[in-house]
Amino acid sequence: MRAALAASVAVHGTTSPNPPVGAVILDAAGEIVGTGATAPPGGPHAEVVALREAGERARGGTAVVTLEPCNHHGRTPPCSEALVAAGIARVHAGVADPNPKAAGGTERLRAAGVEVVLGTLGDEVATGPLRAWLHAVRTGRPHVTWKFAATLDGRSAAADGTSRWITGEAARAEVHEFRSHVDAVVAGTGTVIADDPALTARYPDGTDRERQPLRVVVGNRDVPAGARLDAPDVLHLRTHSPDDVLKELTDRGVVDVLLEGGPRLAGAFLGAQRVDRVLAYLAPALLGAGAAALADAGVGTISDLMRLKVDSVRVVGGDGGDVLVDGRP
């Protein structure tokens with residue numbers, strides 16, 4: 001299953017609105033004979049890619065797939081039928097398919113005499129590349145990750161407005177890697193005017209990565225002429241409503257959203273309960289004054305404090321580096 005997960009990581013960000021699924025085929029002796037991942041929309045699903053690589057060696061073997069095989073005719077035929085036709089004897093799936101249009105693969109496989117096990121490394125799969133897609137299917141809206149960088153006293157900029165760089169190179173490299181896997185990166189007009197960000201995914205040497213997310217600006221003010229986000233491929237949504245933003249992005253097939261800058265935009269999304277994950281990069285530094293990382297989020301009293309469930313805490317960049325807190329509201 002971890003080999004299937006690795007295959008899904010390689011295509012994460014290229015499959016939306018379809019799920020980034022990974023699959024591995026073992027022959028009857030337990031040897032890996034095929035590995036596949038979901039192709040971009042219109043292309044084959046992970047199971048079909050892996051079966052093609054395995055060929056006849058798949059007969060009597062095992063399919064290990066991160067998501068329950070689909071059972072419907074969409075742009076491609078059902079993966080459950082492909083597994084039955086290939087003579088697969090057993091299937092291990094990480095998580096069940098929550099999409100009612102595609103569900104039923106387990107029943108179809110079992111009806112054909114295939115042994116099916118659901119839940120193999122289920123928690124690990126559900127928090128991997130499938131995380132955003134599973135959320136979008138269950139809620140009908142994109143998964144939103146709010147990423148911010150701050151000092152230990154919660155400042156995102158100094159008193160004079162300077163903000164580069166609070167965190168170190170290792171943390172910034174992680175953020176660019178993360179951007180390359182999401183469907184859209186969103187910033188407010190205040191941040192655009194103050195910082196002139198590019199919102200692109202770049203390598204440490206500054207060159208652009210092969211895959212770039214949709215860049216989105218939110219707010220009623222104009223993007224300054226000549227700014228890096230003054231470009232025809234940038235989507236400018238003239239609204240302050242998180243739900244309006246997410247509806248527009250849903251209509252465009254966006255599943256995975258990274259919310260970056262600024263504090264008012266983050267406050268609006270948090271206040272509307274539209275943040276599903278928080279990535280807080282905290283530098284071991286203090287400012288004492290300057291802009292806070294978060295503005296008004298609708299909390300008026302300590303009893304309304306927004307607490308997070310912390311999934312992990314780690315140091316980025318070795319000893320003396322920044323601390324990443326990964327949590328969920």
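Only heavy atoms go into these numbers, but all of them, side chains included; no hydrogens, no water, no symmetry mates.
With hydrogens and angles disregarded, a donor-acceptor distance shorter than 3.5 Å links the side chain of Thr66 to the backbone of Gly22. Here the side chain of Thr167 pairs no donor or acceptor atom with the backbone of Ala171 at under 3.5 angstrom. Counting only distance, with no hydrogens or angles, the side chain of Arg155 and the backbone of Gly290 share a donor-acceptor pair below 3.5 Å. Under a 3.5 Å cut-off, the side chain of Asp276 and the backbone N or O of His135 do not form any donor-acceptor pair. For Asp222 (side chain) and Pro224 (main-chain N/O), no donor-acceptor pair under 3.5 Å exists by modelled atom type. Asp97 places no side-chain N or O within 3.5 Å of a backbone atom of Pro69 that could act as its donor or acceptor partner. Listed for the Thr301 side chain is no donor-acceptor partner under 3.5 Å among the backbone atoms of Asp304. A donor-acceptor contact shorter than 3.5 Å links the side chain of Thr127 to the backbone of Asp123. With Asp195 contributing its side chain and Pro197 its backbone, the two residues share no donor-acceptor pair below 3.5 Å.
Counting only heavy atoms from C-beta outward, the side chains of Val315 and Asp322 never approach each other to under 4.5 Å. Between Val323 and Pro284 there is no side-chain heavy-atom pair separated by less than 4.5 Å. Side-chain atoms of Thr145 and Val182, non-hydrogen and from C-beta on, never get closer than 4.5 Å to each other. The side-chain heavy atoms of Thr189 and Val218, taken from C-beta on, include no pair separated by under 4.5 Å. In this structure, the side chains of Val91 and Val65 come closer than 4.5 Å at one or more pairs of heavy atoms. You'll find the side chain of Val255 stays beyond 4.5 Å of the side chain of His143, heavy atoms only.
With rounding to the nearest 0.5 angstrom, the CG atom of Leu279 is 10.5 Å from the CH2 atom of Trp146. Taking CG of Asn220 as the reference point, atom NE2 of His236 lies at 7.0 Å (rounded to 0.5 Å). The CD1 atom of Ile32 lies 11.0 Å from the CZ atom of Arg57; values are rounded to the nearest 0.5 Å. Going from atom CD of Glu248 over to atom CG of Leu246 covers 11.0 Å, rounded to the nearest 0.5 Å. Note: Thr62 OG1 to Glu31 CD = 12.0 Å, rounded to the nearest 0.5 Å. Between Asn18 atom CG and Thr38 atom OG1 the span is 7.0 Å, to the nearest 0.5 Å.
Checked against Leu235 for a side chain to side chain contact (heavy atoms under 4.5 Å, CB included), the options Val254, Leu249, Leu229, Val217 give a single hit: Leu249.
When all heavy atoms are compared, the tightest approach of Ala50 to Ile25 is CB-CG1, 3.6 Å. The shortest non-hydrogen separation linking Met1 to His92 is CE-O, 3.9 Å. Minimum interatomic distance between Asn71 and Ser80 (heavy atoms only, all atoms of both residues): OD1-OG, 2.7 Å. Of all heavy-atom pairs between Asp230 and Val223, the closest is N-CG1, 3.8 Å. When all heavy atoms are compared, the tightest approach of Leu26 to Val64 is CD1-CG2, 4.5 Å. What you find for Pro129 and Ser8 is that their closest heavy atoms are CG-OG, 3.4 Å.
Cluster membership check: Leu259 shares its hydrophobic cluster with Met306, using side-chain heavy-atom separations under 4.5 Å among Ile, Leu, Val, Met, Phe, Trp and Tyr. Note on Phe148 and Val316: separate hydrophobic clusters, where clusters join Ile, Leu, Val, Met, Phe, Trp and Tyr whose side-chain heavy atoms are under 4.5 Å apart, directly or indirectly. Taken together through direct or relayed side-chain contacts under 4.5 Å among Ile, Leu, Val, Met, Phe, Trp and Tyr, Leu121 and Val95 form part of one hydrophobic cluster. By the criterion of side-chain heavy atoms lying less than 4.5 angstrom apart, applied directly or through intervening Ile, Leu, Val, Met, Phe, Trp or Tyr residues, Leu258 is grouped together with Tyr281 in one hydrophobic cluster. Hydrophobic clustering of Ile, Leu, Val, Met, Phe, Trp and Tyr side chains at less than 4.5 Å, counting indirect connections, unites Val325 with Leu308.
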Between Val216 and Val185, does a side chain to side chain contact (heavy atoms under 4.5 Å, CB included) hold up when you go through it step by step? CA-CA 6 Å; Val216 183; Val185 179; over 6 Å; no
Does the pair Asp256 and Trp133 meet the rule for a side chain to side chain contact (heavy atoms under 4.5 Å, CB included), with working shown? CA-CA 7 Å; Asp256 204 351; Trp133 182 86; over 6 Å; no
Step by step, work out the salt bridge (Lys or Arg N to Asp or Glu O under 4.0 Å) result for Asp196 and Arg228. CA-CA 6 Å; Asp196 190 23; Arg228 286 186 284 187; 3.8 Å; yes
Take Asp153 and Leu287, measure what side chain to side chain contact (heavy atoms under 4.5 Å, CB included) needs, and give me the verdict at the end. CA-CA 7 Å; Asp153 54 341; Leu287 277 170; 4.3 Å; yes
Test Leu83 against Leu109 for side chain to side chain contact (heavy atoms under 4.5 Å, CB included), laying out the working first. CA-CA 8 Å; Leu83 291 166; Leu109 290 165; 4.0 Å; yes
Run the salt bridge (Lys or Arg N to Asp or Glu O under 4.0 Å) test on Arg179 and Glu260 for me, step by step, so that the C-alpha distance in whole Å, both residues' side-chain angles and the decisive distance to 0.1 Å come before the verdict. CA-CA 10 Å; Arg179 283 181 185 173; Glu260 291 200 49; 2.8 Å; yes
Quick one: do Asp243 and Ser241 satisfy side-chain hydrogen bond (donor to acceptor under 3.5 Å, both in side chains)? Show the steps, please. CA-CA 5 Å; Asp243 283 334; Ser241 166; 5.3 Å; no
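Checked for salt-bridge contact, Glu56 and Arg59 meet the test: a charged N lies under 4.0 Å from a carboxylate O. Under 4.0 Å is where a charged nitrogen must lie from a carboxylate oxygen, and between Arg277 and Asp326 at least one such pair does. Ion pairing of Arg314 with Glu174 is present here, as a side-chain N (NZ or NE/NH1/NH2) and a carboxylate O approach within less than 4.0 Å. Ion pairing of Arg2 with Glu124 is present here, as a side-chain N (NZ or NE/NH1/NH2) and a carboxylate O approach within less than 4.0 Å. Using a cutoff of 4.0 Å between basic side-chain nitrogens and carboxylate oxygens, Asp251 and Lys247 are scored as salt-bridged.
Applying the salt bridge (Lys or Arg N to Asp or Glu O under 4.0 Å) criterion to Arg215, with sequence neighbours excluded, gives Asp233.
Between the side chains of Ser180 and Arg211, no donor N or O sits under 3.5 Å from an acceptor N or O. In the model, Tyr203 has no side-chain atom that pairs as donor or acceptor with a side-chain atom of Glu177 under 3.5 Å. No side-chain donor-acceptor contact under 3.5 Å links Thr200 and Gln212. One side chain, Asp183 or Ser16, offers a donor N or O that lies under 3.5 Å from an acceptor on the other.
Classified by interplanar angle (parallel below 30°, tilted 30° to 60°, perpendicular above 60°), the ring pair His12/His181 is parallel.
Crowding of Arg307 atom CZ: a count of heavy atoms from other residues, nucleotides or ligands under 6.0 Å not exceeding 12. Under a cut-off of 6.0 angstrom, the local environment of CZ in Arg264 is sparse, with at most 12 non-hydrogen atoms contributed by other residues, nucleotides or ligands.
For the pair Arg172 and Trp165, the cation-pi test (distance below 6.0 Å, angle within 45°) is passed.
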